[in-house]
Protein chains: 2
Amino acid sequence: MNDARYGLSLWLDRLTLRSTLTEDEREAILALPGELELIRPNRDFVRLGEQVSRACLVVSGLAGRFGQTRNGERQMTALHIAGDMADLHSVVLPKAATALQSVGETLIYRVPHAEIHKLVGQSRTLAEAFWRDCMVDAAVLSQWALVNARLSAKGRVAHLLCEMACRFGKGQSHDGHEIDWPLTQTTLGDTTGLTPVHVNRTLRALREGGAAHITGKTMRVIDWPRLRDIAEFDARYLVLEKAD
Amino acid sequence: MNDARYGLSLWLDRLTLRSTLTEDEREAILALPGELELIRPNRDFVRLGEQVSRACLVVSGLAGRFGQTRNGERQMTALHIAGDMADLHSVVLPKAATALQSVGETLIYRVPHAEIHKLVGQSRTLAEAFWRDCMVDAAVLSQWALVNARLSAKGRVAHLLCEMACRFGKGQSHDGHEIDWPLTQTTLGDTTGLTPVHVNRTLRALREGGAAHITGKTMRVIDWPRLRDIAEFDARYLVLEKAD
DNA sequence: CGGATCCTTGACACATCTCAAGACCTGTGG
DNA sequence: CCACAGGTCTTGAGATGTGTCAAGGATCCG
């Protein structure tokens, strides 16, 4: 299977996690045309204010959505893993109010808005599935807003670790499980609203408290209940299973 | 004109600001059935985790969407003014991941999801308009995440003043204009992630700096360029005019 | 082997929080 | 009309979590 179709199948999995699609609709998703592009680490590949005409699917790696202050400080407003259509909202709001950067080397697949529009026209179910997926992203952001504004540094970092463990891991128990971790401490800071220096101290505290351990390019949850408690984490906002 | 239809017409104005609708579609919006409910100040009228079956349109007053930490601290993730469908996302995600409270006395109009679903089925343009409006809310939240994480207390408060001035005011020049201000300093703190005490000190600084003045139930922008500068404010994220 | 990037740690500064008390305002019941 | 209660605003003094600045160590890659 080629990379494009593999990426699309990941996205399809994500969509069917939350919406029920017919065979035709699934096929239509998998047949979406587009272009692959390999982005080197820490490159901005969608700029602020740009008029966007294609949506970016993350095939592998990690993409961050961010805003920026006048003096260049960044704040992540989303982290998109493989299978996420990072940019889906640009279909209805093509003027990018927010930019995208790669975190580590990232392979993306750019799908023209026109193609997605075509699907929206053909199937109301798909239209709703796209809308719903965008709203899950918004719910995640809403949770970040809460956590970053109200929890201590330890809570914020722990929360991000919990979230990523849930999104990366496919539902295994978390304890002791190693997962790939492309985030540098600087990126962690951009996400949690902390300085890299303080992220470092906070990670040390989590390590010494026996909650979680980040080494090199992997993250390992040592004590899930403890980490979860520090983060006040409750995975329901991620909507990782279909509602009834 | 009765309150319900008036509220719907405000919402219609909001929608047509960003999407182009036909006469039939406009009429369909204005004909939406529902129930009016007057909410007393500081009441929660949608609770966390609740299974929602009707969306809440704010007819008058102000509604806040918020999340809550374990020890009860609140963080606003949206403030909805008259004409906002505060809850539109609940049509595709009926399990409330976030709660709603009134800020000051608020009149809401509850519209059954089924009715909105019917419109989505009838018109792809409306479906897209709803999706688009939800994405504008998300863009606002994204801006809040940036501001609350990266700006000083003064910047955060100033930013909220700017935003509200733009959303309340219908595009007049801002200087010296008085606008209704139902937000208490506590609510301001819940929104900006500050304690009420520090909000108070920050408002004093803004007043003494000749930027803006809040008295009793009104807010007055004294020096718009200065306020805008303190807040690093750029109204484009609000999408108050149709994109091209 | 050299350079870039990332991580680690320490000492100190400061923005914001916490705690506490009092003033003001508004609606209510006697 | 007054007294009171509850909510809001205001201000002060001191505590603390996180930022800033600075330097050195680790790791990776060409």
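Just so it is clear, the structure is predicted and the values come from calculations on it, not from any experiment. Order of the sequence lines fixes the chain letters, A, B, ..., with proteins taken first and strands second; residue numbering starts at 1 for each chain. Values reported hereafter were calculated over all heavy atoms of this structure, with side chains retained and with hydrogens, waters and symmetry mates removed.
- A cation-pi arrangement is present between R74(B) and F66(B), with the terminal nitrogen or guanidinium carbon under 6.0 Å from the aromatic centre and inside a 45° cone about the axis.
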Could you run down the sub-3.5 Å N/O contacts of the protein with nucleotides 3-7 of chain C?
| residue | atom | partner | partner atom | Å |
| --- | --- | --- | --- | --- |
| dC7(C) | OP2 | Q185(A) | N | 3.0 |

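- Not one N or O on the side chain of T187(A) forms a donor-acceptor pair closer than 3.5 Å with the backbone of L183(A).
- Screening residues 133-142 of chain A for salt bridge (charged side-chain N to carboxylate O under 4.0 Å, His left out), with sequence neighbours left out, gives R18(A)-D133(A), R65(A)-D137(A).
- By the side-chain hydrogen bond (donor to acceptor under 3.5 Å, both in side chains) test, E37(B) pairs with R110(B), sequence neighbours left out.
- With sequence neighbours excluded, the residues satisfying side chain to side chain contact (heavy atoms under 4.5 Å, CB included) with P112(B) are R54(B), E115(B).
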Show me the protein contacts with nucleotides 14-19 of chain C, counting only N or O atoms at under 3.5 Å.
| residue | atom | partner | partner atom | Å |
| --- | --- | --- | --- | --- |
| dT16(C) | OP1 | A153(B) | N | 2.8 |
| dC17(C) | OP2 | T195(B) | N | 3.4 |
| dC17(C) | OP2 | T195(B) | OG1 | 3.1 |
| dT18(C) | O4 | R201(B) | NH2 | 2.9 |

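- The side chain to side chain contact (heavy atoms under 4.5 Å, CB included) search around D229(B) returns R70(A), not counting sequence neighbours.
- Boundaries of the chain A contact region on DNA chain D are dT18(D) to dC21(D), first to last in 5' to 3' order (nucleotide atom under 4.0 Å from a heavy atom).
- When the side chain to side chain contact (heavy atoms under 4.5 Å, CB included) test is applied to A149(B), the partners found at least two apart in sequence or on another chain are Q75(A).
- A side chain to side chain donor-acceptor pair (under 3.5 Å) check over residues 201-212 of chain A, counting only residues at least two apart or in different chains, returns nothing.
- Recorded end-axis angle for the helix from dC1(C)-dG30(D) to dG30(C)-dC1(D) stands at 40°, based on five pairs per end and rounded to 10 degrees.
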Taking only distance into account, with no hydrogens and no angle test, what donor-acceptor pairs under 3.5 Å do side-chain atoms of residues 154-162 of chain B form with protein atoms, sequence neighbours excluded?
| residue | atom | partner | partner atom | Å |
| --- | --- | --- | --- | --- |
| R156(B) | NE | N148(B) | O | 3.4 |
| R156(B) | NE | L151(B) | O | 3.1 |
| R156(B) | NH1 | T192(B) | O | 2.9 |
| H159(B) | NE2 | Q143(B) | NE2 | 3.3 |

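- No donor-acceptor pair closer than 3.5 Å links the side chain of S102(B) to the backbone N or O of T106(B).
- Looking at D87(B), its side chain never comes within 3.5 Å of a backbone N or O of S90(B) through a donor-acceptor pair.
- D84(B) pairs by the salt bridge (charged side-chain N to carboxylate O under 4.0 Å, His left out) definition with R14(B), R167(B), not counting sequence neighbours.
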